Protein chains: 2
Amino acid sequence: MKDGELDRVDRHILYYLQQDARGTSSSEIAEKLDLSASTVRTRINKLEERGVIRGYHLDIDYDLAGYPLYTKIICTAPIPERDELANEARQIRGVTAVREIMTGERNVYVNTIGRDHDDLNRISEDLDALGLEIVDEQIIRDEYVCPYHGFLDEDGIDGEE
Amino acid sequence: MKDGELDRVDRHILYYLQQDARGTSSSEIAEKLDLSASTVRTRINKLEERGVIRGYHLDIDYDLAGYPLYTKIICTAPIPERDELANEARQIRGVTAVREIMTGERNVYVNTIGRDHDDLNRISEDLDALGLEIVDEQIIRDEYVCPYHGFLDEDGIDGEE
DNA sequence: GATGAAACACTACCGGT
DNA sequence: ACCGGTAGTGTTTCATC
């Protein structure tokens with residue numbers, strides 16, 4: 001129950017769920033670990049409660065879904081307001097991700113989708129209206145999310161429970 | 001079956017799965033749409049086959065998971081090799097996402113996690129060894145993935161509750 | 001914590017409309 | 001394209017160790 005400590009079982013669960021978060025059942029994971037399905041299930045619940053698992057997201061090909069314009073808008077926010085502005089940016093329609101950067105001028109990254117330039121202009125205007133200064137805008141060609149393989153074979157360090 | 005066309009049912013399915021890709025069942029979605037569960041199920045399968053749904057990802061709080069260093073490494077790749085280099089970068093341990101940008105000097109973004117600076121140095125070296133020139137490196141403070149609400153109320157879709 | 005059992009819910013697969 | 005039935009599988013809950 002220690003705060004940030006994940007044991008071997010937890011890490012394996014994260015590893016397998018990373019591959020296919022919807023299609024991988026507790027029983028499947030249990031089989032690989034030689035555990036019972038209910039044990040894996042309660043572990044998953046605990047990982048959710050502790051906040052280690054924040055959610056299960058859909059990976060959509062927005063291009064195929066009818067939104068060919070995928071862009072990254074780079075903004076500057078005053079540090080005291082950065083957190084609040086980033087949060088408000090999430091509510092804007094067409095915003096698919098927001099990243100806050102610790103330091104520097106380019107400290108808020110906003111990913112957006114749109115069908116046409118009107119969509120993008122509207123989003124830019126909305127960001128600007130919030131008080132986010134837009135410093136750059138780039139077209140994203142492709143994006144890949146990668147599983148972290150270290151969850152599986154990092155077992156040099158462990159031994160705790 | 002048209003290529004990029006999603007109808008009202010498809011968009012609703014995407015919308016609900018965006019909220020909780022693992023916990024939302026076909027039957028739940030079917031209920032909201034007044035359809036049978038099997039209809040929703042075959043729709044989901046088709047969306048997967050067509051590639052609109054690319055996968056189901058786990059959203060991990062890497063800080064809680066024991067990886068307090070979350071960074072964004074910005075690289076330059078020669079356009080002819082950009083695609084291949086971006087692909088190879090995905091294989092490096094600690095890389096959680098890769099984004100290819102269409103134009104400009106800052107045309108490959110790599111998100112990474114690490115436990116300490118040694119991890120980060122190793123990743124930087126690996127990227128460099130591939131042939132990616134590192135132009136900037138920033139610490140990510142926080143990241144949020146946002147559902148696209150337009151799937152629900154795009155064009156005069158009916159009532160909801 | 002981990003486990004097994006029973007009730008319940010979801011999925012895959014079938015044919016039918 | 002949508003629906004319903006069924007068999008198999010996953011999940012929830014509870015009692016036990």
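Just so we're clear, the structure is a prediction, and the values are computed from it rather than from any experiment. Here is the naming used below: chain letters follow the sequence lines, and residue numbers restart at 1 for every chain.
With A/Thr112 as reference, A/Thr71 is the one residue of A/Thr71, A/Leu69, A/Thr96, A/Asp119 to meet the side-chain contact (heavy atoms from CB on, under 4.5 Å) rule. Of the candidates B/Asn111, B/Ile73, B/Val108, B/Ile92, B/Val108 is the only one forming a side-chain contact (heavy atoms from CB on, under 4.5 Å) with B/Val98.
Of the residues in residues 25-34 of chain A, those lying under 4.0 Å from DNA chain D by heavy-atom distance are A/Ser25, A/Ser26, A/Ser27.
Cluster membership check: B/Leu14 shares its hydrophobic cluster with B/Val40, using side-chain heavy-atom separations under 4.5 Å among Ile, Leu, Val, Met, Phe, Trp and Tyr.
No side-chain heavy atom of B/Ile29 sits under 4.5 Å from any side-chain heavy atom of B/His12.
In terms of phosphate contacts, B/Thr39 brings no side-chain nitrogen or oxygen within less than 4.0 Å of OP1 or OP2 of D/dC2. Within the structure, a side-chain polar atom (N or O) of A/Arg41 is placed less than 4.0 Å from OP1 or OP2 of D/dT12. Remark: A/Arg43 is not in phosphate contact with C/dG1, judged by side-chain N or O atoms under 4.0 Å from OP1 or OP2.
A residue-by-residue look at B/Arg22 and B/Val9 shows that B/Val9 has its nearest nucleotide of DNA chain D further toward the 5' end.
With respect to the salt-bridge test (charged N to carboxylate O, under 4.0 angstrom), the residues A/Asp10 and A/Lys46 do not qualify.
Distance alone, capped at 3.5 Å, is enough to place a donor-acceptor pair between the B/Thr76 side chain and the B/Glu105 backbone. No donor-acceptor pair under 3.5 Å is formed between the side chain of B/Asp126 and the backbone N or O of B/Ala129.
Rounded to whole Å, the distance from NZ on B/Lys46 to P on C/dA12 is 14 Å. Between A/Asn45 atom CG and C/dT3 atom C1' there is a gap of 16 Å when expressed in whole angstrom units. Computed from coordinates, the B/Ile13 CD1 to D/dA1 C1' distance equals 13 Å when rounded to whole Å. When rounded to the nearest whole Å, the span between OH of A/Tyr56 and P of D/dT11 equals 10 Å.
If you chain together ILVMFWY residues whose side-chain heavy atoms come under 4.5 Å of each other, A/Ile139 ends up grouped with B/Met102.
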Can you name the atoms? Protein N/O to nucleotides 14-17 of chain D N/O, anything below 3.5 Å, with the distance.
none

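In this model, no donor atom of one side chain and acceptor atom of the other lie less than 3.5 Å apart for B/Gln138 and B/Tyr109.
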